[in-house]
Amino acid sequence: MIRVRRWLGIGEAAILPTDTRQVRPLGIQMAIMCALGCLAALASIAGFRAASTWTADLKSAITVMVEQPRDEQALARATDIVRAVEGVNAAAPMSREKAKSLLRNYGANVGPLIDELPLPRLIEVGLASTEPGVRTRIEEALDRGGFTATVDDHSRYAGEILRTSTALRAVALSALFFLVIAALASIAFAARAALQTRRDAVEIMHLVGAEDAFVADEVQARFMRLGFVAGVVGAIGAGVLGYGVAWLMSLGATDLTRGAPLVMAGDIWVLILAPFVTAIASAIAARLAARETLKELV
Amino acid sequence: MNARITQESGTPDSGKQDAGQNDAIVQFQRTGFRYGPENEALREINLDLQRGGFYFLTGPSGAGKSTLLKLMYLALRPTRGKVRLFGTDIGTAPREALPHLRRKIGVVFQDFRLLPHLTVAENVALPFRVKDESSENYQDDVAELLHWVGLGSRLHALPNTLSGGEQQRVAIARAVVCKPSLLIADEPTGNVDPAMGAKLMRLFVELHRYGTTVVIATHDLELVRRSGAPVIRIEAGQVVGEMA
């Protein structure tokens, strides 16, 4: 119990004096690192969420391009055939206007010539499940009905989105990892410096019978408290920045971005957890550095 | 020179060095200490300090008194020979064993070595705190001892607001508060007036009466003469004489 009170800095004055000239810059540095760490974690979560949302949308739909015959009656018949396939939820022919807008989205800046282009006749198919056999069943049904058609299950785009999001997540998590290492190294350096500059106090503690673990407790407690305060400040900073940017982005959001926002209210657990993680990581780094340094002292 | 000063007889018992058979609390066996290759502070020290003894350590400045004391209170380990403390060879003892030995030793440093950000009472309570004792168990002892050394009204004062003599009394209180088996004091009466010096000496004598082994390094030959306790004289890193 006494040890826990010492770790939390409750009760009696700390035996190792605190050097505020050293602590303040370190606290600021740790708060900034914590804020960057939170933003990296939020970015990783946002990337994963966006990729999941977009790939789910893509995988729940199939596009059928009817090549032969191309008349309206044939398209209606093909739509009926597709609708009757097991695993298909809905099927509807895509209007010429929508097909034109898709072409425009793909950069086909052809102006009035677009009306002259042989636009593909498309059927939009909604799937009841993402079962892989549906595509084959649609192809076979259309073939039996005498149609030449191409069935696109969007797997190419889904794969690309997944690869891109995985790469972005890896970058964000790597940034987080390097930030954590840099923060821990700073704490270890500061803990070592604190012991070296106050070796007079450490020597007194040792000579009155303190074990290395006791001295390490003192150092650990100080850096744990510093880590917690820096974590709170950093998390607040990251929260203001993250939710602020998300709000600004929501002002001009399209369907695409509205479905996968940068930061959501549910992501706040990252910010709540940050001070505790920072405190524990600081305590461990400081303790290990202190134990190592104490071996060199009396 | 081999020396075994026997408190009971009050005479140096030269040549009788048998670690297994005597009741030595501190034993130096051909002990040497060097601060680097050139500076040999102690050489060939052979000395037994008996449990329950009261000793003075004298000698000129730079003779090696402080180094000898540092070996006794485990601030240094010997670079040659052996030092046994409470039967443990401190040269080979693992680091983890040292705190338990140190808790049996009270040390009064010449420069007091008080922690400036802690109050007088907190400084004196330090030996209890490092043992994780609850403050309820020791705060009365601390207050009583500080009253006894004349600092009852300064419990919450910071050391830098005290005079040299008052700081010395705080240092002494810290050294004796846990009733150590071995008390080592480096010039403990150097900064106090004769009346307080006499009072502190009475405290040491009282502790000695309860079984504490006391070693006092001093230049105050009058104090040594008055006490009649055995004296170890050290010069140029060697024990050159013992008087009982």
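Chain identifiers are assigned alphabetically (A, B, ...) following the order of the sequence lines, protein sequences preceding nucleic acid strands; residue numbering begins at 1 within each chain.
- Here the shortest heavy-atom pairing between A/L16 and B/H117 reads C-NE2, 3.9 Å.
- Side chains of A/V208 and B/R102 form no contact here, defined as non-hydrogen atoms less than 4.5 Å apart.
- Between B/F109 and A/I204, the shortest heavy-atom contact is CE1-CD1, 4.1 Å.
- For A/Q196, the CD atom is densely surrounded, since the number of other residues' heavy atoms within 6.0 Å is greater than 12.
- Contact of B/R77 with chain A is not made at all, since no heavy-atom distance falls under 4.5 Å.
- Counted within 6.0 Å of OH on A/Y243, heavy atoms from surrounding residues, nucleotides or ligands total more than 12; the atom is thus considered enclosed.
- Taking B/E206 as the reference, B/R209 meet the salt bridge (Lys or Arg N to Asp or Glu O under 4.0 Å) condition, with sequence neighbours excluded.
- Between the CD1 atom in A/I15 and the CG atom in B/L115 there is a gap of 7.5 Å [rounded to 0.5 Å].
- Taking each heavy atom of A/D212 and B/R95 in turn, the nearest pair found is OD2-NE, 2.6 Å.
- Crowding of B/W148 atom CH2: a count of heavy atoms from other residues, nucleotides or ligands under 6.0 Å exceeding 12.
- Looking at B/H100, its side chain never comes within 3.5 Å of a backbone N or O of A/G209 through a donor-acceptor pair.
- For the atom pair B/L74 CG and A/H206 NE2, the distance stands at 12.0 Å (nearest 0.5 Å).
- The CG atom of B/L114 lies 11.5 Å from the CG atom of A/D200; values are rounded to the nearest 0.5 Å.
- Two residues are said to be in side-chain contact when any heavy atoms from C-beta on lie closer than 4.5 Å; B/R103 and A/E211 meet this criterion.
- Contacts of B/F33 classified as ring-ring contact (aromatic ring centres under 6.0 Å, His included), with partners at least two apart in sequence or in another chain: B/Y35.
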